[in-house]
Amino acid sequence: MAQNGTRATGPRCIALVGPFQSGKTTLLEAILARTGAIQRQGTIDAENTVADASKEARHHKMSVELSVASTNFMGDTYTFVDCPGSVEFVHDMRAALPAVDAAVVVCELDEKKVPQLQLILRELEAQKIPRFLFLNKIDKADSTIHDVLRVLQPASRGKLVLRQIPTFAGEIVTGFVDLALERAFVYKEHAPSEVVPLEGDALDREKTARFSMLETLADHDDELMEQLLEDIQPPRDKVFDDLSKELREGLVCPVLFGSATRTNGVLRLMKALRHEIPGVAETAKRLGVKGGHPVAYVLKTINTSHGGKMSVARVLSGKIGDGTTLLRSDGEAARVAAVFKLMGQHSEKRGAAEAGDTVALGKLDHAKTGDTLSDSQQTHPPLAKVSPHAPVLSIAVAAKERKDDVKLGQALAKLLEEDPSISVVHNAEAHEVVIWGQGEMQLRVATERLADRFGIATVSHKPTVGYRETIKKGIVQRGRHKKQSGGHGQYGDVVLDIKPLPRGSGFSFSEEIKGGVVPRNYIPSVEAGVIDALKHGPLGFPVVDIAAKLIDGSYHTVDSSDMAFQLAGRLAIHEGLPQCQPVLLEPIYQVEIVCPSEATAKMNALMSGRRGQILGFDTREGWDGWDMVRVQMPESEIGDLIVEVRSATAGVGSFTFKFDHMAELMGRTADQIVAARKAAAA
Ligand SMILES: Nc1nc2c(ncn2[C@@H]2O[C@H](COP(=O)(O)OP(=O)(O)O)[C@@H](O)[C@H]2O)c(=O)[nH]1
Ligand SMILES: [Mg+2]
């Protein structure tokens, strides 16, 4: 069992997270190369990295799903979960985090990326994941490197502590001093750094920087504080113990430097992970695992191109092997078909997985991402619950060929299984299958996967907006259906009192038939005819907020029928409504936008360009430096709103929305909508 101050034991699991393009996938590659898991370090450009091996990731040169790869370092197994940095794929990271011992937050010294960094740190803070910052791309560093804390601290609630300071030749960073070790290193490209004497200017800077590191640590350690006040040099072991303890408790976030492309700072990072992060015992405790028997957490679900399902899982206690029966928290059971070790897309069968191992479990039909699995002795309550962010963008998709319709439904179900931040809505009225997701790239990748992996060519278009129409004034309208074509005729005759209803009332039907002028048994037929006619009003949309009262009519003993009265009801509506001042209704949504305060003014401008009505501004609760803007906005304008919100906020702004009411729409916009509808129907 790991204790504070001593090294954790067993296989570790570490998430690589951080803003888009900060170098996470490259860092994983560097780690695998440095620790000997791969012969040569691949690059994003050469499309030969272990992670990002899917066709879509290669094609877009960005992570579009998480990748898992393991290595051995000084006798222990380390599994890394390389998470996509794009906000659109953030669910992969969020769902994986509960299972990891720690996260390495890969970042750049770029003020523009600080809001993204803040979002990610927020997630780690919320899930209480111990974290390092790895300041990458040190090969490109300029003078801002002296400002690391000033630039990055605002992104973190926990105190950042510099563990290293860079050393220079002129303007170029050539190495670093490790402040805990008090040792200077010079970077070597693709080789371990070389220890050099710590002297001169570097020594002076080291003293100052080390003192401020210790001061930060002393905030949580009275003994260390006394030593500092009395000018006593704390023993090196004590410093390491404090670093480790405060990291594990989430009190501080140590900052390391490096360059993933040059494999600089990678060994230092590995050593810090080895000595300082918690192991599976502590992680299991953090999650509340009731130990003793096998328990695992599913951090990702993958459907391989040959149709096999794999559940990537971290074993938190016990042992799971081929044939182990695993129960979900709700009691549903399935048997593990095989245990795999993952190296990106490549999987290899291995023996049983022990506590700490992160493996792929084959053919667990019942398992979903986020599930807690336990062996057949007893169920385990869920260890974590990570709900996907509400979707913000949608497209309607259809198979190019009719014959693929069924396949499309099945393929979508598999995509949803892999990425629960996508959802599918069947719009029966518009005969559309609508995919909802987190952004343009995610939806594009989803349609690419339908083609690449499932062989389904699709066409996509903007989803139909839920327009309605209603009437502004009433009318009393007769509808008479009469046909005499030899033998048996058809006869139905009704008079309807048609009236507008208040907004949101829907439809009501009533009758006031006296003296049986319309026989009882035909009244439901009239209603059915009216309902049918209201599906397409004079403007082409479903009619709502309308009352129809059957007040008169006549019948024929032989020729009247159910069908004839339905047709009469329809006729009355068709002939009556155009005279009732039909008007278009458009759905208005209540939208809550969250954004960094600097962008609030831009949101304001954005809203007026999209017929939005600002209801109010607020500071965002619990988020310093963020605002929340409440707006009412037509559904049609929300369509691609996320694209503009993100571009105005360095990618971090977002919103949620819910239907509020239907509002009358007149003038040019309405005319265009009606014309488009007519054209589509023609
Ligand atoms: N100069 C420099 N470029 C880097 C470094 N690490 C990554 N990159 C480049 O940054 C880009 C994004 O890298 P990638 O690993 O895909 O970032 P990710 O989105 O965080 O996974 C790629 O073009 C990398 O080659 C580094 O240490 N130095
Ligand atoms: Mg990546």
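Every number for a ligand or one of its atoms is a count from 1 in the order of the listing. Predicted model only: the values in this text are computed from it and were never measured. Because only heavy atoms are used, hydrogens play no part in the values below, and waters and symmetry mates are left out as well, while side chains stay in.
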What about Gly258: any of its N or O atoms under 3.5 Å from an N or O on ligand 1?
no

Flag Lys61 as yes when one of its N or O atoms lies below 3.5 Å from any N or O atom of ligand 1, and as no otherwise.
no

Could a heavy atom of Asn136 be found less than 4.0 Å from some atom of ligand 1?
yes

Would you call Lys137 and Glu108 a salt bridge, taking side-chain N to carboxylate O under 4.0 Å as the test?
yes

Closer than 2.8 Å to the Mg ion (ligand 2), what protein N/O/S atoms do you find?
Thr25 OG1, Ser63 OG

Within-shell test, Ser22 vs ligand 1, heavy atom, strictly < 4.0 Å
yes

Decide whether the shortest distance between a heavy atom of Val106 and an atom of ligand 1 is less than 4.0 Å.
no

Residues Arg620 and Asp627 bridged, charged N to O under 4.0 Å:
no

Counting heavy atoms only, which of Glu29, Gln21, Arg262, Lys24 comes nearest to atom 11 (C) of ligand 1?
Gln21

What residues form a side chain to side chain contact (heavy atoms under 4.5 Å, CB included) with Ala169, not counting sequence neighbours?
Thr174

Judged by modelled atom types alone, do Ser63 and Asp52 share a side-chain donor-acceptor pair under 3.5 Å?
yes

Any non-hydrogen atom of Met62 lying under 4.0 Å from ligand 1?
no

For Thr26, which part has a heavy atom under 4.0 Å from ligand 1: side chain, backbone, both, or neither?
both

Starting from atom 17 (O) of ligand 1, locate the nearest protein heavy atom and write down its residue, its atom name and how far away it is, to 0.1 Å.
Gly23 N, 3.0 Å

The complete set of ring-ring contact (aromatic ring centres under 6.0 Å, His included) pairs with one or both residues in residues 163-206, sequence neighbours excluded, reads His146-Phe168, Phe176-Phe185, Phe176-Tyr187

Report the part of Lys140 (side chain from C-beta onward, or backbone N, CA, C, O) that has a heavy atom under 4.0 Å from ligand 1; answer both or neither where that applies.
side chain

Sub-3.5 Å donor-acceptor pair from the side chain of Glu123 to the main-chain atoms of Arg94, do we have one?
no

Which heavy atom in Pro98 sits nearest to a heavy atom in Tyr297, and how many Å separate them?
CG-OH, 3.5 Å

Quick check: does any side chain N or O of Asn303 sit under 3.5 Å from a backbone N or O of Lys414, one acting as donor and the other as acceptor?
yes

ring-ring contact (aromatic ring centres under 6.0 Å, His included) contacts touching residues 21-67 (sequence neighbours left out)
none

Looking only at protein heavy atoms, identify the closest one to atom 26 (C) of ligand 1 and say how far it is in Å.
Thr261 OG1, 3.1 Å

Below 4.0 angstrom, N of the basic side chain to O of the carboxylate: do Glu276 and Arg163 qualify?
yes

Given Ile44, Thr49, Asp82, Asp139, which has its nearest heavy atom closest to atom 22 (C) of ligand 1?
Ile44

Proximity of Thr25 to ligand 1 by residue part, where a heavy atom lies under 4.0 Å
both

Starting from atom 27 (O) of ligand 1, what is the nearest protein heavy atom, named by residue and atom, and what distance separates them?
Ala260 N, 2.8 Å

Is at least one protein non-hydrogen atom found at under 4.0 angstrom from atom 8 (N) of ligand 1?
yes

Just so I know, are the side chains of Phe240 and Leu181 near enough to count as touching, which here means a heavy-atom distance under 4.5 Å?
yes

Numbered atoms of ligand 1 (with element) below 4.0 Å of Ser259, judged on heavy atoms:
26 (C), 27 (O), 28 (N)

I'd like to know if Arg150 pairs up with Asp147 as an ion pair, taking the criterion as any Lys NZ or Arg NE/NH1/NH2 lying under 4.0 Å from an Asp or Glu carboxylate oxygen.
yes

Looking only at protein heavy atoms, which one is nearest to atom 10 (O) of ligand 1, and what is the separation?
Lys137 NZ, 3.1 Å

Given the options Val359, Asp357, Val315, Val339 meets side-chain contact (heavy atoms from CB on, under 4.5 Å) only with Val359

Hey, can you tell me if Phe657 and Phe655 have their rings parallel, tilted or perpendicular (30° and 60° cut-offs)?
tilted

